[in-house]
Amino acid sequence: MRKNKELGEQGEQMAADYLKKNGWHLLELNYRYSHSEIDLIAKKEGLLVFFEVKTRTSTTYGMPEDFVDQKKAEFIIRAAEHYMHQTDWHGNIRFDIISIVKRGEMELKHIEDAFY
């Protein structure tokens, strides 16, 4: 289990670095509300985006993004609604997935507008 946690943390760090490099302003890392967690929250050009980061070492059972099911999306949306209320956000939002596969090198794929 510790290995999975470390892999997830590596993936989240890689995603955060990717976002910063591409002009995003990171607002939150591992934002929690009730039983929900949003891996990253970032803003760019007036758009607030909630990111789910999925990291895997293999695609044998599917791509990392395949593991964001409807229930997971609902938890993220609920936490996002709380965050927007808490910060009084009234602008545009989006829900993205950052999919990472670690096969030697880590391969990152940014999927915009993944659910909602």
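By the salt bridge (charged side-chain N to carboxylate O under 4.0 Å, His left out) test, E112 is found to be paired with R94, residues two or more places apart in sequence or in another chain being considered. Applying the side chain to side chain donor-acceptor pair (under 3.5 Å) criterion to Q10, with sequence neighbours excluded, gives K102. Under the rule for a salt bridge (charged side-chain N to carboxylate O under 4.0 Å, His left out), the partners of E9 that lie at least two apart in sequence or sit in another chain are K5. The salt bridge (charged side-chain N to carboxylate O under 4.0 Å, His left out) search around E37 returns R32, not counting sequence neighbours.
In plain terms, the two heavy atoms of A80 and F95 that are nearest each other are CB-CE2, 3.6 Å. Taking each heavy atom of Y31 and A79 in turn, the nearest pair found is CE2-O, 3.7 Å. Residues K44 and G23 approach most closely at CG-O, 3.8 Å, considering heavy atoms.
I38 and L27 fall within a single hydrophobic cluster, where Ile, Leu, Val, Met, Phe, Trp and Tyr side chains are chained together by heavy-atom contacts under 4.5 Å. Cluster annotation: F115 and F75 are assigned to distinct hydrophobic clusters (Ile/Leu/Val/Met/Phe/Trp/Tyr, side-chain heavy-atom contacts under 4.5 Å, transitive).
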**Request:** Tell me, with the steps shown, if E107 and K109 meet salt bridge (Lys or Arg N to Asp or Glu O under 4.0 Å).
**Result:** CA-CA 7 Å; E107 304 164 19; K109 178 169 60 168; over 6 Å; no

**Item:** Derivation and outcome, side chain to side chain contact (heavy atoms under 4.5 Å, CB included), residues F50 and I77
**Value:** CA-CA 9 Å; F50 303 94; I77 292 165; over 6 Å; no

**Message:** For a side chain to side chain contact (heavy atoms under 4.5 Å, CB included) check, start with the C-alpha distance between K21 and D17, then their side-chain angles and the critical distance, and finish with the verdict.
**Reply:** CA-CA 6 Å; K21 181 180 172 185; D17 293 344; over 6 Å; no

**Asked** Can you list the steps and then say if T60 with S58 is a side chain to side chain donor-acceptor pair (under 3.5 Å)?
**Response** CA-CA 6 Å; T60 301; S58 165; 2.6 Å; yes

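Rounded to the nearest 0.5 Å, atoms OH (Y116) and CG (D96) are 14.0 Å apart. Taking CD from Q86 and CD from E81, the interatomic distance works out to 13.5 Å, rounded to the nearest 0.5 Å. S36 contributes atom OG, which lies 8.0 Å from atom CD1 of I76 (distance to the nearest 0.5 angstrom). The distance from atom CD of E65 to atom CD1 of I97, rounded to the nearest 0.5 Å, is 6.5 Å. With values rounded to the nearest 0.5 angstrom, L48 atom CG is found 6.5 Å from I41 atom CD1.
Shown here is N22, whose CG atom has more than 12 heavy atoms of other residues, nucleotides or ligands within 6.0 Å. Counted within 6.0 Å of CD on E105, heavy atoms from surrounding residues, nucleotides or ligands total 12 or fewer; the atom is thus considered open.
For Y33 and Y83, the ring centers are positioned 6.0 Å apart or more.
Summarising the hydrophobic clusters (Ile, Leu, Val, Met, Phe, Trp, Tyr; side-chain heavy atoms under 4.5 Å, direct or chained), the residues clustered with I98 are M14, Y18, L19, W24, L26, L29, L40, L47, V49, F51, V53, I100, M106, L108. Other members of the cluster containing F67 are Y61, with ILVMFWY side chains joined at under 4.5 Å, either directly or via other members.
Here the side chains of S99 and K54 are not in contact, with every heavy-atom distance at 4.5 Å or above.
With respect to K72 and E74, no salt bridge is recorded, no charged nitrogen being found less than 4.0 Å from a carboxylate O.
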